[in-house]
Amino acid sequence: MSSRSSEGNLTIGVLALQGAFARHIEALTACGVDTVEIRQPKHLEVADLDGLVIPGGESTTMSKLLDSLELREPIGKLLADGLPVFGTCAGMIMLAADVSDGRADQASFATIDIGVRRNGYGRQLDSFEADLEIDALEGDPFRAVFIRAPVVERLGSGVEVLASVDDVPVLCRSGSVLVSSFHPELTDDHRLHEMFVGGLAT
Amino acid sequence: MDGKKIGLRLNMAEEATSTLRAMAENSASEHGTVRVKRGLAEMLKGGVIMDVVNPEQAKVAEDAGAVAVMALERVPADIRKDGGVARMSDPEMVEGIQEVTTIPVMAKARIGHFVEAQILQSLGVDYIDESEVLTPADETHHIDKFAFDVPFVCGATNLGEALRRISEGACMIRSKGEAGTGDVVQAVRHLRSIIGDIKKIGQADEAELFEWAKQLQAPLPLVQEIAETGELPVPMFCAGGLATPADAALAMQLGAQAVFVGSGIFKSDDPAPRAKAIVEATTNFNDADILAKVSRGLGAPMTGINMDEVNTKFEERGW
């Protein structure tokens, strides 16, 4: 865990309750930013965060830990105040305005106006990888890994779709909120992390 | 930069899901790749996988914050007590658990019993555990795990065993420990052995890697990969004998990336609060104040069996 460096690097908080947070930290580190693992409210105070990443994992588990560790309120406040955030898979579910096929007691931050269906593609046997054409990225297609992924079923106004698989949105943006139903942290291609970090610098 | 604006109005959710699956099939997408199979293990990191024997226990596990459940007919403590041959669970029982939970469902096949694995894949379980807790079906061969789209986890007592399982296609390794005892000593021994050897290989020069491969009876390319990366090529979790929040945190501090808790939860006095406490301890495994807080007032843990009194050692199964 690192805090804001003396060189004045950007500092990104990574929700580290459970899931692929370590892979996100590797990707962010490769992009030249500092990271802080967020497991308790006090970790939010270690540095002035420039952004937050909510990783893939089990959204039910993360939702429960947000409550028992009293993290839901302070993170909710930061997001409401406009802290830029990147949510992948479970992170997309945690940020979506409405969630179907979740648990009744599963609350989300409702930071982006989309509707998602949890495990919408099915079980692990339905998990897949595919090449994405992302206009916002230069170069080759982006290899995207979908693990028991959510399906975006509703788009609110002002939500921009940056990539789709067979006309189903898989990468969406609204203001400083970026969400993907796939896992950019599972490959060595860090272009989406660079895009998120680049958006913070401007 | 302009993304396509699409107004999706999908009312018939079930129908939509099957259409989506069909479309995903068509779009040059690939299923069952190593990356997809290892990917689910990445998502389980930092979590607790709990043994359950019925839908009621599966609900308790999910409510407590488990990242996955392991569906089996008897927990290891009962397999140990009852004796006899332990086999794959009844498909009806696995399906009953799949119906009530939204988190991944794993199930166990006997070592080498590839037909049990075929059946579990047909049921759509999310992970198969080729497990020494069940009675082995083959004294020489493990399952060819590359032949399946569903990912496999296998147990290991040392690095050589872990690498042999990975060379057969395992996408997650769990240190074996000694299941059903509630005694954490074997889990600690296995974790220390695996992680200790990974550290030593990191210090070895190129020539010494040949000797390491020979000693470990493991494929040289995997040994070379460890020398380069300093870690196993797949996630490593800990299992076997964990009974308390402190046990889970011990495994995590020793370097495990997640924990399996079997008999430790549902053989204790009060499973639900213990399950929740173990989940919280696994997330904040490095914070003694939180560990002290969640360890309070949980009632009696499983009584357990001291390792010296164990007659059948599950850890010795597997080759």
Side-chain angles (χ1 to χ4, degrees), chain A residues 16-23 39-40 56-58 60-61 64-65 68-69 89-90 100-103 115 117-131 135-136 145-148 151-155 159-169 171-173 183 185-187, chain B residues 1-10 13 16-17 20-21 23-33 35-40 42-48 62-68 98 102-105 121 124-127 149-151 257-258 276 279-280 282-284 286-287 290:
Chain A
L17 300 178
Q18 186 273 315
F21 56 87
R23 302 293 295 267
R39 298 167 196 262
Q40 295 172 37
E58 273 307 313
T60 53
T61 304
K64 283 179 182 305
L65 286 167
S68 58
L69 294 164
C89 195
S100 42
D101 283 2
R103 290 171 49 95
R117 177 170 300 278
R118 209 170 142 244
N119 302 335
Y121 287 95
R123 298 181 188 283
Q124 172 62 12
L125 282 173
D126 303 300
S127 295
F128 64 97
E129 53 180 282
D131 283 335
D135 289 344
V145 185
F146 295 78
I147 309 287
R148 289 170 47 97
V151 169
V152 176
E153 293 185 338
R154 183 187 65 78
L155 290 171
V159 176
E160 190 185 2
V161 176
L162 302 182
S164 298
V165 172
D166 296 310
D167 292 334
V168 177
L171 178 66
C172 301
R173 182 165 62 187
H183 294 281
E185 76 279 14
L186 289 186
T187 64
Chain B
M1 285 294 247
D2 283 345
K4 274 187 295 176
K5 295 257 161 54
I6 305 167
L8 279 180
R9 290 284 179 271
L10 302 178
T17 300
L20 288 168
R21 276 185 215 169
M23 288 194 297
E25 301 280 351
N26 294 335
S27 71
S29 61
E30 287 181 88
H31 292 72
T33 62
R35 193 150 49 188
V36 165
K37 293 201 277 190
R38 289 182 186 177
L40 181 55
E42 294 285 341
M43 297 311 132
L44 302 175
K45 280 183 179 176
V48 183
E62 186 177 313
D63 287 345
V67 289
Q98 285 175 318
T102 65
I103 57 178
V105 175
Q121 174 163 281
V125 302
D126 296 293
Y127 240 93
D149 280 343
V150 64
Q257 294 170 316
K276 183 166 179 281
V279 168
E280 288 174 24
T282 304
T283 291
N284 278 297
N286 255 332
D287 187 320
I290 288 203

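We name chains A, B, ... by the order of the sequence lines, and we start the count at 1 in each one.
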Structural part of [X] lying under 4.5 Å from a heavy atom of chain A:
{"X": "B:Gln257", "value": "neither"}
{"X": "B:Ala64", "value": "backbone"}
{"X": "B:Ala68", "value": "neither"}

Spatial distance of atom [atom1] ([X]) from atom [atom2] ([Y]) [nearest 0.5 Å]:
{"X": "A:Ser127", "Y": "B:Glu30", "atom1": "OG", "atom2": "CD", "value": "13.5 Å"}
{"X": "B:Lys276", "Y": "A:Lys64", "atom1": "NZ", "atom2": "NZ", "value": "8.5 Å"}
{"X": "B:Lys37", "Y": "A:Ile147", "atom1": "NZ", "atom2": "CD1", "value": "11.5 Å"}
{"X": "B:Asp287", "Y": "A:Arg39", "atom1": "CG", "atom2": "CZ", "value": "10.0 Å"}
{"X": "A:Asp166", "Y": "B:Ser29", "atom1": "CG", "atom2": "OG", "value": "7.5 Å"}
{"X": "B:Asp63", "Y": "A:Thr60", "atom1": "CG", "atom2": "OG1", "value": "9.5 Å"}

Which pair of non-hydrogen atoms, one from [X] and one from [Y], has the smallest distance, and what is that distance?
{"X": "A:Leu186", "Y": "B:Arg35", "answer": "O-CD, 3.8 Å"}
{"X": "B:Thr33", "Y": "A:Glu129", "answer": "OG1-OE2, 2.5 Å"}
{"X": "A:Arg148", "Y": "B:Ile103", "answer": "NH2-C, 3.5 Å"}
{"X": "B:Val67", "Y": "A:Glu58", "answer": "O-CG, 3.3 Å"}

Practice problem: Below 4.5 Å from any heavy atom of chain B, which atoms of A:Ala16 appear? Answer side chain, backbone, both or neither. | Solution: backbone

Quiz prompt | Heavy-atom contact with chain B under 4.5 Å, split by part of A:Leu171 | solution =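 A:Leu171 has no heavy atom closer than 4.5 Å to chain B.
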
Self-check item: Residue among B:Asn284, B:Ile290, B:Val150, B:Val105 with most heavy-atom pairs under 4.5 Å to chain A
Solution: B:Asn284

I'd like to know if the side chain of [X] and the backbone of [Y] have a donor-acceptor N/O pair within less than 3.5 Å.
{"X": "A:Thr61", "Y": "B:Gly65", "value": "yes"}
{"X": "B:Thr283", "Y": "A:Leu17", "value": "yes"}
{"X": "A:Asn119", "Y": "B:Thr102", "value": "yes"}
{"X": "A:Gln18", "Y": "B:Met43", "value": "yes"}

Exercise. Verify side chain to side chain contact (heavy atoms under 4.5 Å, CB included) between B:Glu280 and A:Leu65, making sure each step is shown before the conclusion.
Key: CA-CA 7 Å; B:Glu280 288 174 24; A:Leu65 286 167; 3.8 Å; yes

Quiz prompt | From CA spacing to verdict: side chain to side chain contact (heavy atoms under 4.5 Å, CB included), A:Gln124, B:Val36 | solution = CA-CA 9 Å; A:Gln124 172 62 12; B:Val36 165; 3.7 Å; yes

Self-check item: Under the salt bridge (charged side-chain N to carboxylate O under 4.0 Å, His left out) test, residues paired with B:Asp149 that sit two or more places apart
Solution: none

Quiz item: Mind checking what makes salt bridge (charged side-chain N to carboxylate O under 4.0 Å, His left out) contact with A:Arg23, not counting sequence neighbours?
Solution: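 Salt bridge (charged side-chain N to carboxylate O under 4.0 Å, His left out) list for A:Arg23, sorted by chain: A:Glu26, B:Glu42.
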
